[in-house]
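Report on the structure given below.
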Amino acid sequence: MLRLVILATCLTLGHFADHDTFKNCSRVEFCNTLRNRQPFDKYAVDPSTITIDDNGSVKMTLKAKKGSDLQLELLALVDRTFRLRIKETASTRYELHDVLVAEPQLAHIDGVLQQDNYVTIQVGETTAQIFYDPFVVNFYLVQVHQVVIDGSTLTFDESLDQAFAFNVKFPAALQLYGLHEHADSLALRDTNGSDPYRLRNLDVAGYELDSPMALYGAVPVLYGWGTYSHAGVFLHNAAEQWYDITNGQWDTQANVMVESGMFDLFVMIGPSPEDLVQRYLSLTGTFRLPQLWTLGYHQSRWSYMSQEEVKDVVANFTTYNFPLDVIWLDVDYTDGKKYFTWDPATYSDPVEMQKNISAAFKRLVAIIDPHIKVEKGYNVYDGALEKGYFVKRANGSVFEGDCWPGLSSYIDFLNPDARQYYGSYYSYDKFPYSTPVLSGIWNDMNEPSVFDNSIEKTLPGDSLHFGNVSHRDIHNIYGLLHTMSTHQGLLDRDNGTTRPFILTRAHFAGTQRYSGIWTGDNTAGWGYLSVSYDSCLGANLLGLVFCGADVGGFSGNPDTELLQRWYQAGAWLPFYRAHASSDTQRREPYLFDSGVQGVIRGAIQMRYQHLPVWYTLFYEHERNKVPVIRPLFYHYSYELETFKLRNHLLVGRDILVRAVAEPGVETVTVHFPGSENEHWMPVDSTEVYEGTTDVDVPVDIKSIPVFYRVGSVIVRKDLVRLSTDEMANDGYTINACLDRRNQSTGTVFLDDFTSYNYANNKQYNYLRIDMDDVNVALTKIDEDSNPDGFDFVIDEVIIHRIVQEPQNGKPGRYVKTVHKTDANGQLLKNLKFNYDEPVSIKLGL
Amino acid sequence: MEFSMKNFKFYPICPTFLVLLSVTCSSEVSRPRGVSLSRASLYNPDRNFLCFDNSKSIPFSQVNDEYCDCPDGSDEPGTSACPNGVFHCTNAGHKPLNLAASRVNDGICDCCDGSDEYAGNTVTTCPNICLQLGRHAREEAQKLAEIIKAGKQLKAELSQKGLRLKEEKKEKLVELQKNKEEAEKVKAEKQRIKDEIEALENKSLEVYRKLEEEEKQRKAEAEAQKTRQEATETFTKFDSNQDGLVDIAELQTRQSFDKDRNGEVSVEEAKYFLNNQESVDLETFISDAWANIKPYLMMDAGLFKPPVPQDGEAEDLQDGDDEHDGAPEGDEGEEEEEPYQPEEEPEETKLQYDEETQKIVDQATAARNEFTDAERAVREIESEIGNINDYLEKDFGPEEEFATLQGECFDYTDHEYIYKLCPFEKATQQPKSGSSETRLGTWARWNGPEDNKYGSMLYDKGQSCWNGPPRSTKVNIVCGTESKVTAVSEPNRCEYLFEFVTPAACREIPSEADDLHDEL
């Protein structure tokens, strides 16, 4: 019956979200009130209250012209970051923890200048300036005005309960980004005339495009992007928020309206895009290097209904020669939607099934949700009930609401003991019939989702958590806390030897420390293919680097053209999984005619060929705090054309991808970024394109417009087998795209692909590769690393050399030469290297 | 040069133990790793190797040197060096196999002879299990052959039954067609008799029909008179101030008009009864208001139940009519549609005919009955013919072997549902809990591929899924010694798949024996 109800919800909604259930600003009291208020200029600094501490802390009182006074605290942090906290003198506001990776480090204050009407604090090249009356806070880098908190719009008022509002301006910026997650263009739109962007984690079935509606995740960060200077703010607050956005020269700003919790704002000053992203990741952490297999292809469906079906799908991938690393189990594998159990009829022998999967070198991921079926005798429920680990209603009784199992209660993940309790169920002895083949966990429905439209399908704001914390204060971190529990549970399960793999739907700032994300229940439509690039690029700028979208679209049936294009485009997002709703036609790639199969197989194989690129980029993300995929404006922010560009991305710095997200096209317009000195080589033809041009590139159904940057070295594995494990011992292909000086450079990272030895014992081989037209030089990047056992076996070197420069808008031409031996005629693959000294190889012809 | 000889070492294709088999080795041709016997001659160690696509000629030492020279991959039959290469495993004792080169040395034992995993840098070692597999396969093949043999016997019987059935149906058809002709003759004769007597009857009844009309007319007039009288009396009663008008105030004093039973008669209520006028004179009262007022007066008098909307109305009103004539809803209309139905005429209007007329009427009635019977007889025969034609049009297989399945049903029970397949009719599903049956499809057609048309049936146009398409069912049919459903699944939402075995599907399958012995 329940299933019917759910289907009813999904199907009747179709391609548009349910606006009766999911509110707009005018139906949310605090938003409606705050959005329509006038600036009332209520506060002024009382200079006599200012205290300044050399260790980076400045405090003062904001006198209210009516109502209660506020306390302001400004902390100067390392890495050109400030933290501004404002609260009532007798504040009862919830102060968030669990989000920051560590307590931010304070910076030494280099100078203080106190004047009649303002005080400035200098930290290195940054300056914070606080005007007393009118109250304004300015942030500068050298002389450039970066961020302004406009005191005239600061709104705290008893009548609003705990809601507050403020305005933040970015004088050096032209365009705002951030505020993940919305199904909209990466560049935030002006909201004048529409609803503000909303951040409240919600289970929005059939979400619509080009909408500021809240989705599953919330990352309260704004990046102000300019052509020369970049600054951002991060509101450290997990309550519901709305953002009115204005973009434009001297007028880039946001009005921020928050339901409750603290005014706790991190101000981050670039100036470069790389700096800005690094500042934010210094606060919230990075995604740890994933196991290699997680970067392969994943096959999912709601649901594979029996162990036989699972084995059959795996066998068909082998029979039809499609690479596959992971098969996924949605909710129906459980016994009555009780997590940590198996359906005794349809999954009667999970151990045998896992052996079968493992024998084909594949792995299993299963779903585990945060709602627990209300059923006496179900151990997870009984234990949590007895120990008080469930979220409670305002009246103190245990909250019960409908979800997949029917009546369910929700684990209170704010309670560290409850996190420990839930996490312990992942252990092999408490999750019956689980084996190491169950290699990852899917945490879904963790906004959390409650099947009750009258409460926006989530827990009511007055529900109570550990320590009597209202749900509204921590709503947006519920999913984060859920993955925190799972992450620790999986670490414990495998004694810390294996890097956990988790996928979550709900997310917040900091989720990247525990889990990857996907874009939730999207739809089989071209616009959704396109927006998957916007979403995952946005996520990547915010540290949520392991990001993908359901290939083919979750709801609805894609036609074969869309499906093929989606496989092609999806191969260039970090997480590559096909998934589909229960009411869609089966669409495993082997079910299509051989032409379609060929295109899809080609796309997946191309993904596997580039796995060394992905793996190295993930390592470099953790090491350098850089995104894995990047919007073009990340590297080319001086090019205004890139600011609103869609369907383009960079994988690392050196691979440009243009998704074909339009039906029936014979050409697509590709924007090649960079100056005329930047050149790009398509992987599947011999043209050379020049930077800062738009070119209509011809495509057929087999084409994926992918381009290597001239000057780069792209390391691939060109022999594609059926899984990453099967390819573990194969050698690498070096693709050198030589520039005008006949040089190119790149990196590659190798380790055991599974453990933390790379981090704990420096057991890895991280090499810089420098190429010219006859020489390969390999240099160990970290002196003290130990590359034993991680030989970089070179199968072949492919030199791409420009033979005709692009001119007057006409593409040039390059040729490839393949080298498999060195100058002595030795096969490259047989060469043995000692990485302690720089390795130099002269290529044979 | 670090090239070891192992790269182009030759392997004898007859492992020594095979000599013990009764099958003898067909040849001792040595050939590079991964090459099939049929292609061995293309790899001659004494000559340069020519790529199969003729694109290149290379020294033979470069065959299987883990360097892909030929664009078609033909120089690396035994390694994974060419992305498009093909590795052949002999699998002596079992079936030979061609693999994509990417499966060579990938850690998975694809060949039962283990020949695809020889690198030694993977943890996998692959034992030669071809003999076991071969034996197992032969046993399976043997079993299958036995099933087919037994099945074919049964199929022959089914086929005989089917053919006999068809013969019987055809004979029956001939007989029925003859019967039909007879019956049509009878029908024509009865028609003629009926027409004649009815003409006579019509004439005799003309005078009575006129009388009936007059009677009706008279009654209607009397009724109208009565209504007028009643209305006039009421008007006089209501017109308290005797100004010749009944107005709202006058009606408001009468509780009968408190429609909503709230204790008072509102202006709206009163107005309703005056047909939305402030006041009415006698004529208007009779023509417009009386129809509204009367039911309430009757209700007050306990004679009349408030009208139940729609369906119930006619019946309830009829009750009232019998006792208290003159209700405005008239009797007009209904009778005119059936011109002649004497026995159903209401009692009062039934006139006594004279003896002569009555006799004619009786005769006519008898003639009509006989004609109806004759007509029915023809229809029944026609319908039987239709059924037989349907049967004969149905495709029960080239030898009628599926014919006996028609009319039978086969159950299959899984952990949740009882499925039922009634061949050539329908497929259904019923929850074990016993709630009602869902139709998964109605017989549509044979649906197998060209070379095996009778390997699959389609049942479509089943009950629509909630918010989805109509259910449909595909039935895969294979040979077995008894007819039964062996599995049911729902590979797509609302699309079911039944596996059905039956002797009717047993036929000779192309023997795999050739393959098995190919390389021995």
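Each chain gets a letter, A, B and so on, in the order the sequences are listed, and its residues count up from 1.
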Less than 6.0 angstrom from the centroid, inside 45 degrees of the normal: does A:Lys717 satisfy that with respect to the ring of A:Tyr732? yes
Determine the option with the most heavy-atom pairs under 4.5 angstrom with chain B, choosing from A:Glu796, A:Lys829, A:Met727, A:Glu309. A:Lys829
Can you tell which part of A:Ala359 gets under 4.5 Å to a heavy atom of chain B, answering side chain, backbone, both or neither? backbone
Tell me, for A:Thr318 versus chain B, whether the close heavy atoms (under 4.5 Å) come from the side chain, the backbone, both or neither. both
With a 4.5 Å cut-off on heavy-atom pairs, point out which of B:Pro83, B:Ser80, B:Ala101 contacts chain A the most. B:Ser80
Applying salt bridge (Lys or Arg N to Asp or Glu O under 4.0 Å), name anything that partners A:Arg301, two or more places apart in sequence or on another chain. none
If you count heavy atoms of other groups shown closer than 6.0 angstrom to NZ of A:Lys702, is the number above 12? no
Select one option (side chain, backbone, both, neither) describing which atoms of B:Glu416 are under 4.5 Å from chain A's heavy atoms. neither
Engaged part of B:Cys68 at the chain A interface, taking heavy atoms whose separation is under 4.5 Å: both
Flag yes if more than 12 heavy atoms outside B:Lys474 fall under 6.0 Å of its NZ atom; otherwise flag no. no
Sequence neighbours left out, what passes salt bridge (Lys or Arg N to Asp or Glu O under 4.0 Å) with B:Asp113? Give chain and number order. none
